[in-house]
Amino acid sequence: ERGAALLALLAVIMLGASWFLLSQLNAESGVMSAVKRNRNAEVLNRAKLALIGYVAQQAATTGENNPGRLPCPEAVNSIGTSDEGIAAPRVGPPTTTTCSSIGRLPWRTLGLEKLVDTAGEPLWYVVGPSWSLTNSTSTLLINSNPPAGGITVDGQQTVALIVAPEAAMNVQTSAGCTARNQTRSAPSPTMDARDYIECFDSAALQFVTTAPSTSFNDQAVRITVADIMPAIEAAIANRIDREVVPALKNLYDGSTWGTSSTNPAFPFP
């Protein structure tokens, strides 16, 4: 009887220890997941701020004929070369004449180091076709009533999307997610976005930021019109002060208008 009681007591102790160990492992797993998400969030936010800063800087640059344009994703011909991280389109060698809406983040163009997520994967980037140059000779019109974006993320219009792809996974079919066993090899111009980004429609540029864990492990940050327009408007206001106002002053300070450079007159509306 004593032996049976000891065995029963030992079984209770072992069950308790197993439960405690399992709960600790689950807790640590949750902590690690949160740490990874926080780390990815920091990297994604750095990329977002750099992207907005780049757009503002370009918009304020004299001679920029498409102020407000976003850079294209990394030029595919540059992947694996010393020019990796440069946005398309670009002159060569190697030459890339067209702009894809989906590709890797052009980190070198943005003045960043090569940002990676917690799986060591470079960030990916999606840009709306109405906010980028489709080729090296195209033009763009962004004004105070800008295009919505051209990308749909969780049902909302978005100008651009930056994605931390995390590790490759066997994507299971679910609502909005197509099954795919992601395979990744050495970076090359033939990389397929479906091996990095899950649950998206490349033709319609529709994306999600949440999905069942068996189908999705990406982490993403959106860039909206509200995020980017204040920076563009401030850059253009500065450029008007530097370029347009002096030209108007020079035109309307002559004797023809009965004024002087110290008391210039502007035309009636």
Side-chain angles (χ1 to χ4, degrees), residues 25-57 70-74 84-85 87 101-128 131-132 149-169 171-172 174-177 182 184 187 191 193-202 205-232:
L25 289 174
N26 287 337
E28 288 180 8
S29 175
V31 169
M32 285 304 299
S33 177
V35 168
K36 286 183 176 181
R37 291 193 64 82
N38 287 338
R39 167 60 181 159
N40 284 342
E42 291 175 5
V43 171
L44 289 167
N45 192 53
R46 279 193 63 196
K48 177 177 178 176
L49 292 176
L51 181 63
I52 294 173
Y54 171 85
V55 172
Q57 182 183 39
L70 272 69
C72 295
E74 177 182 60
E84 186 173 304
S101 292
I102 307 173
R104 298 205 308 192
L105 183 76
W107 51 273
R108 198 183 300 273
T109 295
L110 300 180
L112 293 167
E113 72 272 24
K114 188 176 182 179
L115 298 178
V116 297
D117 61 21
T118 59
E121 290 288 352
L123 302 183
W124 279 66
Y125 167 61
V126 187
V127 61
W131 284 80
S132 61
I151 304 171
T152 304
V153 181
D154 298 332
Q156 298 181 328
Q157 280 290 308
T158 299
V159 170
L161 183 71
I162 304 174
V163 182
E166 279 298 313
M169 65 181 298
V171 180
Q172 302 297 308
S174 62
C177 303
Q182 293 181 334
R184 302 173 187 174
M191 288 193 305
R194 294 174 298 174
D195 288 326
Y196 295 84
I197 304 174
E198 298 92 50
C199 307
F200 74 99
D201 183 335
S202 59
L205 292 180
Q206 295 178 340
F207 297 80
V208 298
T209 58
T210 58
S213 59
T214 54
S215 304
F216 190 84
N217 68 354
D218 294 345
Q219 197 169 334
V221 64
R222 300 169 57 218
I223 294 91
T224 65
V225 170
D227 289 329
I228 206 164
M229 278 307 294
I232 296 172

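As the structure is a computational prediction, the values presented were derived from the model and not from experiment. Values below: every heavy atom of this structure, side chains too, minus hydrogens, waters and symmetry copies.
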Salt-bridge present (Lys36, Asp117; N to O < 4.0 Å):
no
Basic-acidic side-chain contact under 4.0 Å: Glu74, Arg108
no
Evaluate the criterion side-chain contact (heavy atoms from CB on, under 4.5 Å) for residue pair Ile151 and Val159; output intermediate values, then yes/no.
CA-CA 6 Å; Ile151 304 171; Val159 170; over 6 Å; no
Contacts of type side-chain contact (heavy atoms from CB on, under 4.5 Å), residue Pro73, not counting sequence neighbours
Cys99, Tyr125, Val127
Would you check if the side chain of Thr109 reaches a backbone N or O of Ala87 as a donor-acceptor pair within less than 3.5 Å?
yes
Using modelled atom types only, decide if a donor and an acceptor are shared between the side chain of Asn217 and the backbone of Ala167 within a distance under 3.5 Å.
yes
When you check the gap from the basic side-chain N to the acidic O, do Arg46 and Glu113 get nearer than 4.0 Å?
yes
Nearest 0.5 angstrom please: Ile162 CD1 to Ile223 CD1, how far?
4.0 Å
Any donor-acceptor N/O pair, Arg184 side chain to Asp195 backbone, under 3.5 Å:
yes
Short question: side chain of Thr209, backbone of Ala220 - any donor-acceptor pair under 3.5 Å?
no
Could you pull out the closest heavy-atom pair between Ala226 and Pro230, with the gap in Å?
O-CD, 3.3 Å
So do the side chains of Trp131 and Val225 get within less than 4.5 Å of each other, counting heavy atoms only?
yes
Tell me if a side-chain donor or acceptor on Gln182 pairs with a main-chain N or O of Met169 at a distance below 3.5 Å.
yes
Would you say the side-chain atoms of Gln219 pair up with the backbone N or O of Arg37, donor to acceptor, closer than 3.5 Å?
yes
So, for Ala47 and Leu105, which heavy atoms are closest and what is the spacing to 0.1 Å?
CB-CD2, 3.8 Å
Starting at CG of Leu112, measure out to CG of Leu123 and round the result to the nearest 0.5 Å.
9.0 Å
With side chains defined as the heavy atoms from C-beta onward, is the minimum distance between Gln172 and Cys177 less than 4.5 Å?
no
Run the side-chain hydrogen bond (donor to acceptor under 3.5 Å, both in side chains) check on Thr158 and Thr224 step by step: do they pass?
CA-CA 5 Å; Thr158 299; Thr224 65; over 6 Å; no
Begin with the C-alpha distance, continue with both residues' side-chain angles, and end with the deciding distance and a verdict on side-chain contact (heavy atoms from CB on, under 4.5 Å) for Asp227 and Lys48.
CA-CA 10 Å; Asp227 289 329; Lys48 177 177 178 176; 3.2 Å; yes
Can you confirm whether the side chains of Thr118 and Arg39 place a donor and an acceptor under 3.5 Å from each other?
no
Once you round to the nearest 0.5 Å, how far does CZ of Phe200 lie from CZ of Phe216?
11.0 Å
Given side-chain contact (heavy atoms from CB on, under 4.5 Å), test Ile102 with Leu205 step by step and report yes or no.
CA-CA 9 Å; Ile102 307 173; Leu205 292 180; 4.1 Å; yes
Rounded to the nearest 0.5 Å, how far does CZ of Phe207 lie from CZ of Arg222?
12.5 Å
Using only atom types and a distance under 3.5 Å, with no angle test, would you say the side chain of Asp218 pairs donor to acceptor with the backbone of Glu198?
yes
Kindly write out the residues that satisfy salt bridge (Lys or Arg N to Asp or Glu O under 4.0 Å) with Glu166, not counting sequence neighbours, or none if the list is empty.
none
As a quick check of understanding, evaluate side-chain contact (heavy atoms from CB on, under 4.5 Å) for Leu51 and Leu110, giving each step before the final call.
CA-CA 6 Å; Leu51 181 63; Leu110 300 180; 4.0 Å; yes
Rounded distance [0.5 Å steps], CG in Leu44 versus CG in Leu115
9.0 Å
